[in-house]
Amino acid sequence: MPKPMPAPFDLLLLPTWLVPVEPAGVVLKGHGLGVSNGRIEAIAPREDLLRRGAVDVRELPGCMLTPGLINAHGHAAMTLFRGMADDLPLMTWLKQHIWPAEAKWVDEQFVLDGTELAIAEQLKSGITTFSDMYFFPKIASEAVHEAGIRAQICITLLDTPIPGALDTADAIRRGLELFDDLKHHPRMKVAFGPHAPYSISDDKLETILMLAEELDAGIQMHVHEAAAEVRQAVERTGERPLARLSRLGLLGPRLQAVHMTQIDESDLSLLVESNSSVIHCPESNLKLASGFCPVERLLQAGVNVAIGTDGAASNNDLDLLGETRTAALLAKGVAGSATALDAHAALRMATLNGARALGIDDCTGTLEPGKYADMVVFDLDGLAQQPIYDPVSQLIYATGRDAVRDVWVAGRPLVSDRALVRMDEDKLIATANAWADRISRG
């Protein structure tokens, strides 16, 4: 008896180029990708897939299909502070402008409106997953749920009171409630977000580590962001911040060390031995003159390096494709080598490495059967992309986020033909401008 034909795919995509990211460096032509029940079911020659058929067949000539981009670090609601305090050094920017503004303006409505604006910008930039470290994380999670995007929600923790929490104990209590609320959510994970070594004490870090191990949660933290941070820590304690975190037991696969612009040989050894991830935010580091993360040294040593935009108040955009281009170019300048961080490796940092850092590489970050259908279509048919010898090189070095045509998360369309599917762009813009008017008036 002949074997029955499987049911048609829910969605069949037929691009000119398909870049799965894993295996590394592969570009498939004449292939397609079939989606069923929100997951990738098959990648095969287009003729084989067409024989099976699909409810929705998309021909995508001149387009490249890749995994959705992963923005591994940011502060989503800070979109509402975009451009408010530019061209200042890090601590001046923080202490004299950002922290006072947050104390005055940040409430639940601010976080909701700012996070929605950030999600919309990220979706139109080809980002299907982002990590958010900010205040009122429950409100941010509600925005993520409604928008359909994937996210890691970090519970922001400092020694001082913050918007939405009276103290660290209160922030942890609220965070544990959010863990419980979201433990079965298909698109969200909760992580701990101690702000930085200089802003949180040993006893609280020990509590965070204990809870993270108990809940199998990630820990995302700004570490070695600027030379002054490291210098002041050594002057006060005789210990580099990363060494302190190592002594306290925080280094390991669950640690997501953001920035890491100041790395000596002892730091590198600790990162390698512990299998900690580094999240590189090149444009924020450049704009704040914080320093340069030695990406090539880290990658050659076997450290997992992902890419983040940081917040829009210090970047000033949430454009991970542009961030990846900057990362590739900066890596070459820092290493003094034109071969440092080629285009394919840069795309891997923006996809699979980000998924690994966030602990979700089992379900996203590459185009592989069984993984969620988190995907983006880039239109490479424009004037600025011609001629095309290597489509991945053209994507990284010659393409902007305006080439993002379609975005799916778990097989659900969130951007279709460059338009948001579930969010009202005009309303988001009007809301953002209303906040700017209010903040400007003081």
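A donor-acceptor pair is defined here as one N or O able to donate and one able to accept, closer than 3.5 Å; such a pair exists between the side chain of K332 and the backbone of A340. T16 places a side-chain N or O within donor-acceptor distance of the main-chain N or O of G62, the cut-off being under 3.5 Å. Although no hydrogens or angles enter the test, the distance criterion places no donor-acceptor pair under 3.5 Å between the side chain of R405 and the main chain of C63. Remark: the backbone N or O of A72 is paired with a side-chain donor or acceptor of Q220 at under 3.5 angstrom. A donor-acceptor pair under 3.5 Å is formed between the side chain of T261 and the backbone N or O of S290. A distance-only check finds no donor-acceptor pair linking the side chain of S246 to the backbone of L242 [under 3.5 Å]. Remark: side-chain polar atoms of S337 are paired, donor with acceptor, to backbone N or O of T339 under 3.5 angstrom. Judged by distance alone, the side chain of Q256 and the main-chain N or O of A357 form a donor-acceptor pair under 3.5 Å. Checking side-chain atoms of Q394 against main-chain N and O of I388 turns up no donor-acceptor pair under 3.5 Å. The main-chain N or O of A151 is never found under 3.5 Å from a side-chain atom of T129 such that the two would form a donor-acceptor pair.
At least one side-chain heavy atom of E425 sits under 4.5 Å from a side-chain heavy atom of K124. The closest side-chain heavy-atom distance from L255 to S274 is not below 4.5 Å. The shortest distance between side-chain heavy atoms of L215 and F192 falls below 4.5 Å. Within the 4.5 Å cutoff, the side chain of E102 has heavy atoms near those of the M78 side chain. Residues H344 and V27 form a side-chain contact, since some pair of their non-hydrogen atoms from C-beta on lies under 4.5 Å apart. In this structure the side chain of N353 reaches within 4.5 angstrom of the side chain of R356, judged on heavy atoms. Looking at heavy atoms from C-beta onward, I40 lies in side-chain contact with L367 at the 4.5 angstrom threshold. The shortest distance between side-chain heavy atoms of T324 and M349 does not fall below 4.5 Å.
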So L298 and H280, side chain to side chain contact (heavy atoms under 4.5 Å, CB included) or not? Walk me through it.
CA-CA 11 Å; L298 290 169; H280 179 35; over 6 Å; no
Report the C-alpha distance between L69 and L347 in whole Å, list the side-chain angles of each, state the deciding distance to 0.1 Å, and finish with yes or no for side chain to side chain contact (heavy atoms under 4.5 Å, CB included).
CA-CA 8 Å; L69 304 181; L347 180 59; 4.2 Å; yes
Steps toward side chain to side chain contact (heavy atoms under 4.5 Å, CB included) verdict (T399, L380)
CA-CA 8 Å; T399 302; L380 301 186; 3.7 Å; yes
Begin from the C-alpha positions of V415 and D406 and carry the test side chain to side chain contact (heavy atoms under 4.5 Å, CB included) through to its verdict.
CA-CA 5 Å; V415 176; D406 302 286; 5.8 Å; no
Check the pair E146 / R422 against salt bridge (charged side-chain N to carboxylate O under 4.0 Å, His left out), numbers first and verdict last.
CA-CA 9 Å; E146 291 298 321; R422 296 173 61 169; 5.4 Å; no
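Ion pairing of K287 with E283 is absent here, as no side-chain N (NZ or NE/NH1/NH2) approaches a carboxylate O to less than 4.0 Å. A salt bridge between D216 and R254 is present, with a side-chain N of the basic residue lying under 4.0 Å from a carboxylate O of the acidic one. A salt bridge between D437 and R441 is absent, with no side-chain N of the basic residue lying under 4.0 Å from a carboxylate O of the acidic one. The existence of a salt bridge linking K138 and E108 is excluded, since no basic side-chain nitrogen approaches an acidic carboxylate oxygen closer than 4.0 Å. Salt bridge R401/E121: present, at least one basic N to carboxylate O contact under 4.0 Å.
Note that the CZ atom of R244 and the CG atom of L251 stand 12.0 Å from one another [nearest 0.5 Å]. Here the CG atom belonging to L90 is positioned 9.5 Å from the NZ atom belonging to K95, to the nearest 0.5 angstrom. Atom CG of L286 is separated from atom OG of S314 by 11.5 Å, given to the nearest 0.5 angstrom. Here the CG atom belonging to D264 is positioned 4.0 Å from the CG atom belonging to D267, to the nearest 0.5 angstrom. Atom OG of S284 is separated from atom NE2 of H259 by 5.5 Å, given to the nearest 0.5 angstrom. Interatomic distance, CD1 of I127 versus CG of D319, reported as 7.5 Å (0.5 Å rounding).
Minimum heavy-atom separation, W93 to A85: CD1-O, 2.9 Å. When all heavy atoms of R58 and L11 are compared, the pair lying nearest together is CG-CD1, 4.0 Å. Closest non-hydrogen pair, M221 versus P194, comes out as CG-O, 3.1 Å. Across all non-hydrogen atoms, the minimal contact from L88 to L288 is O-CD2, 3.3 Å. Here the closest heavy-atom approach between residue V190 and residue F179 is recorded as O-CE2, 3.2 Å. Pairing each heavy atom of H75 with each of M133, the nearest pair is ND1-O, 2.6 Å.
With hydrogens and angles left out, the side-chain atoms of T309 and N315 include no donor and acceptor closer than 3.5 Å. With 3.5 Å as the limit, one finds a donor-acceptor pair spanning the side chains of T364 and D374. Under the 3.5 Å distance criterion, with hydrogens and angles disregarded, no donor-acceptor pair is assigned to the side chains of Q262 and E229.
With a 6.0 Å radius and a threshold of 12 heavy atoms from other residues, nucleotides or ligands, R297 has its CZ atom above the threshold. With a 6.0 Å radius and a threshold of 12 heavy atoms from other residues, nucleotides or ligands, Y198 has its OH atom above the threshold.
Ring centers of H222 and H195: under 6.0 Å apart, within the cut-off.
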